[in-house]
Protein chains: 2
Amino acid sequence: MGGDRQNTKAEILETTIPLFANRGYAGVSMRQIAQAVGIKAASLYHHFPDKGTLYIEALAQAFSKYAAFMSESFALQTRPEQRLHHLIHHLCIIVHEDDNFSKLMQREIMDGNEKRLELLADQVFSDFFQDMNELCLLLAPDHDPHLMSVSILGQIIYHFQITPIRPFLPGYSPEHDKAEIIAQHIMNLLTNGLNNSSE
Amino acid sequence: MGGDRQNTKAEILETTIPLFANRGYAGVSMRQIAQAVGIKAASLYHHFPDKGTLYIEALAQAFSKYAAFMSESFALQTRPEQRLHHLIHHLCIIVHEDDNFSKLMQREIMDGNEKRLELLADQVFSDFFQDMNELCLLLAPDHDPHLMSVSILGQIIYHFQITPIRPFLPGYSPEHDKAEIIAQHIMNLLTNGLNNSSE
DNA sequence: GTCTATAAAGGGATAGAC
DNA sequence: GTCTATCCCTTTATAGAC
């Protein structure tokens, strides 16, 4: 910001990701993108043929960054319970620190056509989700691993998804926004169910 | 559709709800709304002063409809386990049959300003969420009821949220899209945790 | 590689006839 | 209560100077 510009294209993408994440494809104009970058709208067309391509490339950049993060969780070869613990805490921290990824993903799931969704699934989630399924099969052999994976991911993502409205819901305290607290809660609920004993 | 039009304003709202749910506020134009209703764009301004008001009224209609549905779950005075069972199955069926509500809610959480979010929380969720908190306190006195409620809601909503991309995720089978299957899975996971025995 | 200028289309909204 | 016609602004995208 304010420095010299060695790689304008990369800078455009970095600037654009949070704009699309927060306001959606139709909610952001090329002029607004240009202004955020610090150039004129016409200059964007030197780097990208049209708005749609700019959006797709911003998506790809945002998703590739997080696909790398996610696969980290399974590099460690420890006990399944520890791997689940590590996975949940890791994901909570990632989603908590930067919500662009989950916002873009949500919008894609709502707006994206079949081709884009299939690409997203194959290139970003496929390996990660496969690993989760295997972990679920180890931890809960009597449950359907696909449903299990979705339930775990759903809890994590939803807890951060509702951050903007959470303060207005009954029983809220600022503790409920902290990644560590949420991670502990989810881990506890998963291992013990409602019939808790250890917390 | 094609019949006579006794109450155009109500018909506009009904037609508009799925448009805004699927494409978002910025993604739908007044001309497109008018075309879907079967009138000209100028006629919309006889019923609503501007696009923003039309959107708010469509939101209010969609939300009030489902706020009524949701409070049904707690009318029955039975054992807590049965109330949870009923709540989960009921919510799954509602969200499964009509996804406009959850899509609009998602978009509001992402796009809405603080005032709109506070209204949404107070007028739609407050009572329902309060009841959920009390139920959670009965079922799992050692868990934080607010986090517990969010975890339960999150699982339910997320399972249907990802419907468009689910077929591309590993381990998918068409069974995983059925409301009853999902409800059973969630109920089972909540009561037993990962260490399942009964399924 | 960025700019100014501009074309072409679509957006929200209003006036006034019927 | 709906229509046609229109205003004015914003949008995407291109052309061509620098």
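Below, read A as the first sequence line, B as the second, and so on, with proteins coming before strands; counting in each chain starts at 1.
- Ring geometry for A:Phe101 versus A:Phe63: interplanar angle over 60°, hence perpendicular rather than tilted (30 to 60°).
- If you take NE2 of B:His47 and P of C:dA13, they are 16 Å apart, rounded to a whole angstrom.
- Partners of A:Lys103 under the salt bridge (Lys or Arg N to Asp or Glu O under 4.0 Å) rule, at least two apart in sequence or in another chain, are A:Asp99.
- An OP1 or OP2 oxygen of D:dC3 is reached within less than 4.0 angstrom by a side-chain nitrogen or oxygen of B:Ser43.
- Nearest to the side chain of B:Lys40, among D:dC3, C:dT2, D:dT2, sits D:dC3.
- Rounding to whole angstrom units, CD of residue A:Glu11 and C1' of C:dT2 are separated by 14 Å.
- At whole-Å resolution of the value, CD1 in B:Ile39 and C1' in D:dC3 are 11 Å apart.
- In this structure, A:Asp144 and B:Ser173 have side chains that are not in contact, with every pair of non-hydrogen atoms separated by 4.5 Å or more.
- Between the CZ atom of B:Phe48 and the C1' atom of C:dG12 there is a distance of 16 Å, given to the nearest Å.
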Under a 4.0 Å heavy-atom criterion, the protein footprint on nucleotides 5-11 of chain D, written with B, S and -, is ------B
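- Tracing side-chain contacts under 4.5 Å through hydrophobic residues (I, L, V, M, F, W, Y), one reaches A:Phe168 starting from B:Leu59; they form part of the same cluster.
- For CD of B:Gln61, the number of neighbouring non-hydrogen atoms (other residues, nucleotides, ligands) closer than 6.0 Å is greater than 12.
- The interatomic distance linking B:Arg23 (CZ) with C:dG10 (P) rounds to 14 Å, in whole Å.
- Spacing between atom CD1 of A:Ile33 and atom C1' of D:dT12 amounts to 11 Å, rounded to whole angstrom units.
- Heavy atoms from other residues, nucleotides or ligands lying under 6.0 Å from CD of A:Gln35 number 12 at most.
- When the side-chain nitrogen and oxygen atoms of B:His46 are compared with OP1 and OP2 of C:dT14, none of them lie within a distance under 4.0 Å.
- Distances shown here put a side-chain N or O of A:Tyr45 below 4.0 Å from the OP1 or OP2 atom of D:dA13.
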